[in-house]
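One structure below.
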Amino acid sequence: MSPASVLASAYQRSVADYWNREKNPVNLRLGEVDGIYHHHYGVGDVDWSVLEGPEETRDERITAELHRLECAQAEVLLNHLGTVTPDDRLMDSGSGRGGGSLVANRRFGCHVDGVSISETQVAFANEQAEKHGVSDKVRFHLKNMLDTGFESGRFRAIWNNESTMYVDLSQLFPEYARMLRHGGRYVTITGCYNDTYGLPSRAVSEINAHYICDIHPRSSYFKEMAANRLVPAAVVDLTEATIPYWELRAQSPLATGIEKAFLTAYKDGSFQYLLIAADRV
C-alpha cells in the first residue's frame with residue numbers, strides 16, 4: 001500500500017513522519033543487545049549492581065539491564081494472549097521495529113502480521129524477520145490500524161503495546177472486534193491518565209507533547225471495549241512495576257529527558273500503566 005492510501009489525516013501524517021525519522025538510541029541500542037528491537041518500556045525489579053563495577057563498561061551494563069526489563073514487559077503481554085497454536089494468526093498493532101512479533105513467533109510458532117504507518121519501521125522489521133529466518137510466518141505491513149483491510153475473523157489474538165494513544169479508541173475497537181474471531185483475545189499495555197485525578201496533569205501533558213500523542217483516560221478503554229463486544233478478562237496495574245525501569249533509565253546515557261515527567265506522573269497518581277486483556281464475545 002502507498003503512504004497516501006494509509007494515512008487518513010494530517011495528524012496521522014505527522015505521526016508517520018515522526019517515526020520515519022526517529023533514530024533514538026534508547027530504541028536502537030537496546031535492540032543491538034540481542035537483535036530484538038522493542039519500542040516500549042520495561043517492568044520488574046532492577047539489578048542495581050549494574051551501576052557498580054568498571055566505569056568503562058557501565059553504559060553497556062545499564063543498556064543490557066534496560067533491555068532485560070523491556071523483554072520482561074513483552075513476556076507479561078504474551079502471558080495474557082491465552083492459548084496460541086502454530087496455526088493461529090496474531091496481529092501486532094503498531095508493531096514498531098518488530099521485536100514483539102518476533103518474540104511471539106519464537107514462543108508460539110504462530111503467524112504474526114505486524115502493522116505500522118511508518119514505512120521506515122515496516123522495512124526495518126521485515127529485514128529483522130529475514131535475519132531471524134522467520135519471514136515465512138512473520139510479516140510487517142504498511143497499514144493503518146483503524147482500517148487494516150484484513151478479512152473479518154482472521155486473528156486469534158491482537159495486541160497493542162504502547163500504541164493506542166495515537167488513535168481514537170471509538171474507531172479502533174470496532175476494527176478489532178471485526179478482525180478477531182469469536183473467543184479471540186485482545187491485549188493492550190498502555191499508559192493512561194487516572195480519571196480520578198481529573199484532566200491530564202502537567203506531566204502527562206508533557207508526555208503527550210514529547211511523543212505527539214493523546215493519552216486516553218483509563219475509563220475510555222473500558223467504555224469502548226464494552227461497546228464493541230470486548231469483555232475484560234484481566235486488568236493488571238503495572239504502575240509500580242514500571243517505576244524502577246524509569247529510575248534506571250534516568251541514570252542511563254540513553255536518557256531522553258522525558259524520564260522525569262514519567263516518574264512524576266506515576267508517583268503523583270495522575271498516570272497509570274495498565275495491562276488489559278479482553279475476550280471477543
Side-chain angles (χ1 to χ4, degrees), residues 1-8 11-42 60 63-64 66-75 77-78 89-108 110-150 155 158-167 188-190 210-213 249 252-254 256 258:
M1 298 181 71
S2 69
S5 65
V6 170
L7 305 172
Y11 171 69
Q12 290 181 2
R13 288 191 288 274
S14 72
V15 172
D17 181 63
Y18 174 88
W19 289 110
N20 282 333
R21 292 185 293 106
E22 183 270 339
K23 295 180 181 179
N24 198 317
V26 78
N27 291 322
L28 293 170
R29 289 282 307 282
L30 271 61
E32 291 169 1
V33 171
D34 61 1
I36 298 294
Y37 291 80
H38 291 296
H39 264 258
H40 55 73
Y41 311 128
E60 181 180 337
T63 299
L66 289 171
H67 184 58
R68 184 185 69 81
L69 295 169
E70 68 174 0
C71 289
Q73 191 261 34
E75 292 298 329
L77 189 153
L78 295 182
R89 288 191 172 275
L90 277 56
M91 188 176 94
D92 181 357
S93 190
S95 48
R97 288 188 169 93
S101 297
L102 296 175
V103 171
N105 168 265
R106 179 186 297 171
R107 178 162 171 174
F108 302 118
C110 58
H111 299 265
V112 186
D113 290 294
V115 303
S116 171
I117 60 173
S118 165
E119 290 180 273
T120 301
Q121 288 185 343
V122 168
F124 184 95
N126 276 320
E127 289 176 4
Q128 295 304 306
E130 290 279 357
K131 288 181 180 179
H132 287 266
V134 294
S135 59
D136 59 326
K137 282 200 163 186
V138 181
R139 298 178 183 177
F140 299 91
H141 312 266
L142 184 65
K143 288 182 179 291
N144 190 321
M145 68 175 76
L146 298 178
D147 183 16
T148 64
F150 288 128
F155 296 107
I158 298 172
W159 76 84
N160 287 97
N161 201 342
E162 299 175 9
S163 52
T164 52
M165 62 286 298
Y166 287 102
V167 296
T188 183
I189 292 182
T190 186
H210 184 86
Y211 291 108
I212 57 169
C213 64
R249 181 167 147 171
S252 163
L254 302 176
T256 62
I258 198 62

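- Between the side chains of R249 and T256, at least one donor N or O lies within less than 3.5 Å of an accepting N or O.
- The backbone N or O of F140 sits less than 3.5 Å from a side-chain atom of N126, completing a donor-acceptor pair.
- Residue K23 holds its NZ atom at 8.0 Å from OG1 of T120, rounded to the nearest 0.5 Å.
- Between the NZ atom of K131 and the CG atom of L102 there is a distance of 11.5 Å, given to the nearest 0.5 Å.
- Contacts of S163 classified as side-chain contact (heavy atoms from CB on, under 4.5 Å), with partners at least two apart in sequence or in another chain: M145, N160.
- Checked by atom type and distance alone, the side chain of N27 never pairs as donor or acceptor with a backbone atom of H39 at under 3.5 Å.
- Side-chain atoms of N161 and Q73 include a donor-acceptor pair closer than 3.5 Å.
- The structure places CG of L30 at 10.0 Å from OH of Y37, a figure rounded to the nearest 0.5 Å.
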May I have the step-by-step check of side chain to side chain donor-acceptor pair (under 3.5 Å) for H40 and E70, ending in yes or no?
CA-CA 7 Å; H40 55 73; E70 68 174 0; 4.8 Å; no
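- Within the 3.5 Å criterion, the main-chain N or O of A8 finds a donor-acceptor partner in the side chain of Q12.
- Note on ring orientation: taking the six-membered ring where Trp is involved, the planes of Y41 and Y211 are tilted (angle from 30° to 60°).
- By the 4.5 Å heavy-atom criterion applied to side chains, V115 and D92 are not counted as neighbours.
- Taking the side-chain contact (heavy atoms from CB on, under 4.5 Å) definition, one finds that E127 meets it with nothing, sequence neighbours left out.
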The test is side chain to side chain contact (heavy atoms under 4.5 Å, CB included); show your working for L254 and T63 and say whether it passes.
CA-CA 8 Å; L254 302 176; T63 299; 3.7 Å; yes
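- Two residues are said to be in side-chain contact when any heavy atoms from C-beta on lie closer than 4.5 Å; F108 and V103 fail this criterion.
- Remark: R13 pairs with no residue by the salt bridge (Lys or Arg N to Asp or Glu O under 4.0 Å) rule, at least two apart or across chains.
- Using modelled atom types, no side-chain atom of N105 and backbone atom of S101 make a donor-acceptor pair closer than 3.5 Å.
- Between R97 and E22 there is a salt bridge, since at least one side-chain N of the basic residue sits less than 4.0 Å from a carboxylate O of the acidic one.
- Counted within 6.0 Å of CD on E32, heavy atoms from surrounding residues, nucleotides or ligands total more than 12; the atom is thus considered enclosed.
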Stepwise side chain to side chain contact (heavy atoms under 4.5 Å, CB included) check, T188 with W159:
CA-CA 6 Å; T188 183; W159 76 84; over 6 Å; no
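- Ring geometry, W19 versus Y166: the interplanar angle exceeds 60°, so the pair is classed perpendicular (tilted spans 30 to 60°).
- With hydrogens and angles ignored, the 3.5 Å screen pairs no side-chain donor or acceptor of S135 with any backbone N or O of E130.
- Partners of T148 by side-chain contact (heavy atoms from CB on, under 4.5 Å), not counting sequence neighbours, listed by chain and number: M91, K143, F150, E175, R178, M179.
- With sequence neighbours excluded, no residue forms a salt bridge (Lys or Arg N to Asp or Glu O under 4.0 Å) with E119.
- Annotation for R68: atom CZ counts as buried by contact number, over 12 foreign heavy atoms lying within 6.0 Å.
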Check against side chain to side chain donor-acceptor pair (under 3.5 Å), S116 and S95:
CA-CA 6 Å; S116 171; S95 48; 5.2 Å; no
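- With sequence neighbours excluded, the residues satisfying salt bridge (Lys or Arg N to Asp or Glu O under 4.0 Å) with E75 are R107.
- Using a distance-only test at 3.5 Å, with no hydrogens or angles considered, no donor-acceptor pair links the side chain of H111 to the main chain of R89.
- Summarising the geometry, atom CG belonging to D17 is positioned 9.5 Å from atom OG belonging to S118; distances are rounded to the nearest 0.5 Å.
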